[in-house]
2 protein chains.
Amino acid sequence: MGVVARSVAGVLEIVTLPQFRVLVVLDNSGPLRMGVLGEAIGVLPSTLSRAIDRIVEAGWVRRTTRPTSRREVLIELTPAGQNLVTHALEQRRDNIAEILSVLSPDEKAAIVSAFELFAGAAGETSTEDLLILGI
Amino acid sequence: MGVVARSVAGVLEIVTLPQFRVLVVLDNSGPLRMGVLGEAIGVLPSTLSRAIDRIVEAGWVRRTTRPTSRREVLIELTPAGQNLVTHALEQRRDNIAEILSVLSPDEKAAIVSAFELFAGAAGETSTEDLLILGI
DNA sequence: CGCAACGATTGCAAGCATACACTTTTGGTG
DNA sequence: CACCAAAAGTGTATGCTTGCAATCGTTGCG
């Protein structure tokens, strides 16, 4: 739980949680249309529109128009936005790696198999659940 | 991660994250003075004062004056507020119990020792970290 | 008592998220 | 072409959080 909390903590000093959710979805799915994006994170189009205004202003995403349909607006991560998400995920991975570094290979192996066991029993975690925290 | 996310998800439909942080701190420490409470969750007194206004309005906490010093205001959970926090923690415990229920005693034992190993290696998790998500 | 420090609150202001209703532009279809 | 539906955005409004500065009551001390 501490690992999860810390991984969220860093990002929340830079962007808000709803904003981070947008970035995470885009990182997972690539550029998305406003409508699809809004549905993915569960907000109304008007809410998303203004949220994107602010995220564009901050430089994390870009609005693009698809050549085939000028009424559709594609949202895509800028390099900075991509960087932000990647960095956040790396930080958590590093945090875990650091924790594991003090353990012996046998201990690590035991942890890996136990975690896999637990994850298997937990079943598929819905993307929506993870999206709540942007993880 | 899914377990953590779900445990936060339910509560966030009832109170905001800053509000839930207040409740969690009170649940941990018992009734607190405004100043102490504000410092614990890292907000300015003015912010807290208005936040408490809303939480009192919602019925989760109560303002009390200490007999010895009438300028100090004690904040304490109402039964409803206590219930909210307790319920949130129970829900996470139930969620984990349900996951574990499909496993054999041996598997459970392996998971317990592996998790203890990991938690030990991770060291003490600072309360501040956990407070970010109200966990 | 009088004054300084303390503790909480309020005035004022800004930013963000959210919702409902409405408008504008665009695409598809009869 | 004319019309309808899709897609995005605006107008308007509400509520929460946060911050800085100022105020009000209270306590402690000389």
Side-chain angles (χ1 to χ4, degrees), chain A residues 8-9 11-26 31-76 81 84 131-134, chain B residues 8-9 11-26 31-76 81 84 131-134:
Chain A
V8 178
V11 185
L12 290 192
E13 294 180 2
I14 304 178
V15 295
T16 66
L17 193 52
Q19 288 176 10
F20 188 56
R21 284 198 264 258
V22 170
L23 303 185
V24 169
V25 170
L26 292 176
L32 288 181
R33 213 164 47 69
M34 287 292 288
V36 176
L37 182 54
E39 199 167 341
I41 61 181
V43 297
L44 295 181
S46 63
T47 300
L48 181 63
S49 187
R50 273 177 267 248
I52 295 294
D53 286 347
R54 287 182 289 265
I55 307 178
V56 166
E57 177 72 19
W60 309 118
V61 302
R62 197 170 16 225
R63 274 190 172 96
T64 319
T65 48
R66 195 197 302 248
T68 67
S69 167
R70 278 190 307 176
R71 72 177 161 182
E72 300 182 6
V73 174
L74 278 186
I75 311 297
E76 63 179 3
L84 182 66
L131 215 52
I132 292 160
L133 299 179
Chain B
V8 179
V11 185
L12 290 192
E13 294 180 2
I14 305 176
V15 295
T16 66
L17 193 52
Q19 288 177 9
F20 188 56
R21 284 198 265 257
V22 169
L23 303 184
V24 169
V25 169
L26 292 176
L32 289 180
R33 213 165 45 69
M34 286 292 289
V36 177
L37 182 55
E39 198 167 342
I41 61 180
V43 297
L44 294 182
S46 62
T47 300
L48 182 63
S49 187
R50 272 177 270 248
I52 295 294
D53 286 346
R54 287 182 290 266
I55 306 176
V56 166
E57 176 72 20
W60 308 118
V61 303
R62 200 173 12 229
R63 274 188 172 95
T64 319
T65 49
R66 195 198 302 247
T68 68
S69 168
R70 279 189 306 175
R71 71 177 161 182
E72 300 181 5
V73 174
L74 278 186
I75 311 297
E76 64 180 3
L84 182 65
L131 214 52
I132 292 160
L133 299 179

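Just so it is clear: chains get the letters A, B, ... in the order the sequence lines come, proteins before strands, and each one is counted from 1. Owing to the predicted nature of the structure, the values given are computational and were not obtained by experimental measurement.
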Fill in: CA sep, side-chain torsions, deciding dist, call: M34(B), V73(B), side-chain contact (heavy atoms from CB on, under 4.5 Å)
CA-CA 6 Å; M34(B) 286 292 289; V73(B) 174; 4.1 Å; yes
Worksheet item: What pair of heavy atoms forms the shortest contact from A40(B) to V25(B), and how long is it?
Response: CB-CG1, 4.1 Å
Item to complete: Grab the CD-P distance between Q19(A) and dG15(C) for me, whole Å please.
Response: 13 Å
Worksheet item: First contact, last contact: which nucleotides of DNA chain D are these for chain B, 5' to 3', heavy-atom distance under 4.0 Å?
Response: dC16(D) to dT27(D)
Fill in: Atom pair distance, as rounded to whole Å: CZ in R70(A) and P in dG28(C)
12 Å
Worksheet entry | Euclidean distance, R33(A) CZ relative to E39(A) CD, rounded to 0.5 Å | 9.0 Å
Discussion item. Base, sugar-phosphate or nothing for T47(B)? Non-hydrogen atoms, less than 4.0 Å.
Written reply: base
Worksheet item: Base, sugar-phosphate, or nothing for P45(B), non-hydrogen atoms under 4.0 angstrom?
Response: base
Item to complete: Identify the two heavy atoms, one from V8(A) and one from L133(A), that lie closest to each other, and give their separation to 0.1 Å.
Response: CG2-O, 4.0 Å
Discussion item. Just verifying a value: how many Å separate L131(A) CG and F20(A) CZ, rounded to the nearest 0.5 Å?
Written reply: 10.0 Å
Using residues 51-64 of chain A as the side-chain source, report each donor-acceptor pair under 3.5 Å to any protein atom, sequence neighbours left out, with the distance given to one decimal.
{"unit_1": "D53(A)", "atom_1": "OD1", "unit_2": "R63(A)", "atom_2": "NH1", "d": "3.1"}
{"unit_1": "D53(A)", "atom_1": "OD1", "unit_2": "R63(A)", "atom_2": "NH2", "d": "3.0"}
{"unit_1": "R62(A)", "atom_1": "NE", "unit_2": "E76(A)", "atom_2": "OE2", "d": "3.2"}
{"unit_1": "R63(A)", "atom_1": "NH2", "unit_2": "S49(A)", "atom_2": "O", "d": "3.2"}
{"unit_1": "T64(A)", "atom_1": "OG1", "unit_2": "E76(A)", "atom_2": "OE2", "d": "3.4"}

Worksheet item: Closest nucleotide of DNA chain C for L48(B) versus for V43(A): which of these residues is on the 5' side?
Response: L48(B)
Worksheet item: What closest approach, in Å, do A9(B) and I132(A) show between heavy atoms, and which atom pair accounts for it?
Response: CB-CD1, 3.0 Å
What donor-acceptor contacts under 3.5 angstrom involve side-chain atoms of residues 11-19 of chain B, with partners at least two apart or in another chain?
{"unit_1": "T16(B)", "atom_1": "OG1", "unit_2": "Q19(B)", "atom_2": "N", "d": "3.3"}

Worksheet entry | Whole-Å distance separating the CD1 atom of I41(A) from the P atom of dA17(C) | 10 Å
Tabulate protein N/O versus nucleotide N/O from nucleotides 2-6 of chain C, keeping only pairs under 3.5 Å, one per line.
{"unit_1": "dC6(C)", "atom_1": "O2", "unit_2": "R71(B)", "atom_2": "NH1", "d": "2.7"}

Worksheet item: Can you tell me how far P of dT18(C) sits from CD of E13(B), to the nearest Å?
Response: 13 Å
Practice prompt. Go through the steps to decide whether L32(B) and L74(B) satisfy the test side-chain contact (heavy atoms from CB on, under 4.5 Å), and finish with yes or no.
Written response: CA-CA 5 Å; L32(B) 289 180; L74(B) 278 186; 5.6 Å; no
Practice prompt. Please report, rounded to the nearest Å, how far the P atom of dT25(C) is from the CE atom of M34(A).
Written response: 17 Å
Atom pairs, N/O to N/O, protein against nucleotides 21-24 of chain C, distance under 3.5 Å?
none

Discussion item. Can you give me the closest heavy-atom contact between I75(A) and L26(A), atom names plus distance?
Written reply: O-CD2, 3.5 Å
Worksheet item: Heavy-atom contacts under 4.0 Å between residues 52-69 of chain B and DNA chain D, which residues?
Response: R54(B), S69(B)
Response to the item:
Rounded to whole Å, the CG-P distance (L74(B) to dT9(C)) equals 11 Å
